[in-house]
Amino acid sequence: MHITRRPDILTIMSKKHDQPVHWADIHAQNIIRRRGEKDVYVCASGITPSGTVHIGNFREIISVELITRALKDAGKSVRFIYSWDDYDVFRKVPKNMPDRKLLESCLRKPITLVPDTAGTYENYARANEKPLEDLLPEVGVNPEYIYQAERYRRSFYARQIRTALEHRDQIREYLNEHRSEPLPEDWMPVSVFSSFTDKDTTEVLSWDGAWEITYRCLETGQQETLDLGTASGVKLPWRADWPMRWAYEEVDFEPAGKDHHSQGGSFDTSKRVVEVFGGTAPYSFQYDFIRIKGRGGKISSSSGDVVDLAGVLEIYQPEIVRYLFAGTKPNSEFAVSFDLDVLKIYEDYDTCERIYYGAQEVGEKRRAKESRIYELSQVDRPAQEMPYQIPIRHLCNLIQIHSGDIEQVMASLPALREDQKEKLRRRCICAANWVRLYAPEDFRFSLRSPAETAPEISGPVRTAAASLLPVIEQLDAYDEKQLSEAIYEAAHSAGCEPKELFLGCYQVLIGKDRGPRLANFIKTCGREKILPLFEPYR
RNA sequence: GGGCCGUUAGCUCAGCUGGCAGAGCAGCAGACUCUUAAUCUGCGGGUCGAAGGUUCGAUCCCUUCACGGCUCACCA
């Protein structure tokens, strides 16, 4: 008898295994050691919503989520902040956006002041933010959002901007350490959006040493003097902005992509610049990019369709999306697959689940590791008892047998408990989507309708098919093996090759030469679906 | 030019803080009169990129080199 109940988390993290086995726990331990004991650990993530937020960006979010989970499991309090850098400049029109002309006229404006050309949201930035915000809770991610545009526009960072100006020589020096061309002597660590055009095509002329700054709009030639305490268009450039926020939020952990993490990259300069703001650089690690397999190959294909979280959730259950990321070390590249690999991923996940619940025996080391991956993959806590498992391949068949009617599929499953239905329904939807969108042609079928003209078959094959009728009428009396034998018997007594009969049967059932393993397939479909299809050959 | 990552079975990779080299797939053999990359059983398969060093012991740590990928030095 298998133990299919949830193990105690303390068993997994007990003294016996006080060495953490999972990367998230190792990083969490490092954060605690590096930053010292604190009441609350601040974990930060952030991106610029300058286009559809794709699955590559999601890696950053989920990495932080996994670390916050690990910190919490280590008994710590955590604040997970997510910064929408929506006061960044609109620099390039992505391929998948409508009304490119209008968007092009908005280049150099902050993305929060660019319209949503699809007409759904208040502005362009919001159009990219909101769909993701709506989806994140589904995968168990619930950060505290910070909208940088909103902050900058109400002069929230006036004090910090002044600090940057006061230390502009120091900041310039830090940045110059890694620049091929040094910044000019009169460089100012601010950029200004013109109040005449909203664009950042401006030149800062002077700073009065306190709160006033004067700039010229390059497009209109007009000059204006602003008060930092009330101005809405002044912001820090990225390499000053990022460390400023580390200091302001007292960030303990923030990962970054490899573009930021190279030597001379923005993390490198920021960990110097942050001193100016009286802070220290957070603990960090670098995560690698992710690739796409079985769908274009690039996250953002040239046709303009982007692989985003919604696109991945079409195919993968939320806990399996988490599993993909939790099961891969952040600094290694991996591919999100839409091809046959999908089946393998589901099978791997199910194996991981069985290991967690003790329904599959493995070595102690592997058990500890898989169990932790399983826990981190769950949107909430793992269920008390093991969820209903159904092999994904079989499910794909069931869905096609029932013409995509998921409620029928669920009804056909014996011993399905009420509390298991929600997850299973989700798996059904994903399987149906996969079959429809990505499965190879060989994999797809649909049962013929009795109303259609029955395929022409003749000779011994027809005789054999006819002789199967009594068997199908009594289908419930046969188990799979017996049915299989009956099929061979039918072929033999009619004097045809079993192969021919198989071929004929698939023609009758699904109008193809091949299909799912026949005996099992017929049993699964049941007498009611099969009999009418064979009736014409009586 | 700097940095980071990688190089392990035919393929894809695991091997996380040094202790007899692993998995899946492919291959081979056998079984099922069989079919969604069919299923089951068994088997073979490796100079752990190269050369040094540390160690009782190195795929693992250090140094150098080769090849491959990414990234920074503009902006964000």
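Proteins get letters first, then strands, A, B, ... in listed order; numbering begins at 1 in each.
- Under the side-chain hydrogen bond (donor to acceptor under 3.5 Å, both in side chains) criterion, A:S337 pairs with A:D341, not counting sequence neighbours.
- Under the side chain to side chain donor-acceptor pair (under 3.5 Å) criterion, the residue pairs touching residues 489-510 of chain A are A:Q507-A:D513, with sequence neighbours excluded.
- Taking the centre of each ring, A:F521 and A:F445 come in below the 6.0 Å mark.
- For the pair A:P182 and A:R179, the tightest heavy-atom approach, listed with the atom from each and the gap, is C-NE, 4.3 Å.
- Taking the ring centroids of A:Y374 and A:Y349, they lie under the 6.0 Å cut-off.
- The distance between atom CG of A:L376 and atom P of B:C16, rounded to the nearest whole Å, is 19 Å.
- Under the Watson-Crick or G-U wobble criterion, with both distances below 3.5 Å, B:U17 is left unpaired in every strand shown.
- Across all strands, A:F521 comes closer than 4.0 Å to no nucleic acid atom at all (heavy-atom distances).
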For nucleotides 11-13 of chain B, which of its nitrogen or oxygen atoms have a protein nitrogen or oxygen under 3.5 Å away, and what is each distance?
none

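- Listed nucleotides B:C16, B:A37, B:C34 differ in distance to A:L343; the shortest reach to its side chain belongs to B:A37.
- Here the P atom of nucleotide B:A14 and the CD atom of A:E370 are 14 Å apart, to the nearest Å.
- Taking atom CG of A:N520 as the reference point, atom C1' of B:U39 lies 11 Å away to the nearest angstrom.
- Mapping A:S484 and A:K369 onto RNA chain B by nearest heavy atom places A:K369 closer to the 5' end of the strand.
- A straight line from CG of A:D288 to P of B:C70 spans 11 Å, rounded to a whole angstrom.
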Open item on the list: Treating primed atoms plus P, OP1 and OP2 as sugar-phosphate and everything else as base, which nucleotides of nucleotides 71-76 of chain B get B, S or - for protein heavy atoms under 4.0 Å?
Closed with: BSSSBB

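- Rounded to whole angstrom, the span from the CD1 atom of A:I487 across to the C1' atom of B:C32 amounts to 14 Å.
- A:E129 is not listed as a side-chain neighbour of A:Y145, based on a closest heavy-atom distance of 4.5 Å or more.
- Using N1 to N3 plus N6-O4 or O6-N4 for Watson-Crick, or N1-O2 and O6-N3 for G-U wobble, each under 3.5 Å, B:C70 pairs with B:G3.
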I'd like a list of close polar pairs between nucleotides 59-65 of chain B and the protein, N/O only, cut-off under 3.5 Å.
none

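- When the side-chain hydrogen bond (donor to acceptor under 3.5 Å, both in side chains) test is applied to A:Y316, no partner is found at least two apart in sequence or on another chain.
- Listed by chain and number, the residues in a salt bridge (Lys or Arg N to Asp or Glu O under 4.0 Å) with A:D200 are A:R108 (sequence neighbours excluded).
- Base pairing analysis places B:C40 opposite B:G30; the two distances defining the Watson-Crick or G-U wobble pair are each below 3.5 Å.
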Show the distances under 3.5 angstrom between N or O atoms of the protein and N or O atoms of nucleotides 22-25 of chain B.
none

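- When Watson-Crick and G-U wobble pairs are counted only if both distances are under 3.5 Å, B:U63 pairs with B:A51.
- To the nearest 0.5 Å, atoms CD1 (A:I345) and CD1 (A:I320) are separated by 9.0 Å.
- A:K329 places its NZ atom 12 Å from the C1' atom of B:G6, with the value rounded to the nearest Å.
- Shown here are the side-chain hydrogen bond (donor to acceptor under 3.5 Å, both in side chains) partners of A:T351, two or more places apart in sequence or in another chain: A:R354.
- Every residue two or more places apart in sequence or in another chain that forms a salt bridge (Lys or Arg N to Asp or Glu O under 4.0 Å) with A:R393 is listed here: A:E347.
- Between A:Y438 and A:F338, the ring planes lie tilted relative to each other; the angle falls in the 30° to 60° range.
- Nucleic acid contact for A:D348: none, since no nucleic acid atom lies under 4.0 Å from a heavy atom of the residue.
- Note: A:Y157 and A:Y87 fail the aromatic proximity criterion, with ring centroids not under 6.0 Å apart.
- Nucleotide B:A23: paired with B:U12 (Watson-Crick or G-U wobble, both distances less than 3.5 Å).
- Among residues at least two apart or in separate chains, side chain to side chain donor-acceptor pair (under 3.5 Å) pairs with a member in residues 259-272 of chain A are A:E177-A:R272, A:W238-A:S266, A:R239-A:T269, A:H260-A:S266, A:H261-A:S284, A:D268-A:K271.
- A search for side-chain hydrogen bond (donor to acceptor under 3.5 Å, both in side chains) contacts involving A:R444 returns nothing, not counting sequence neighbours.
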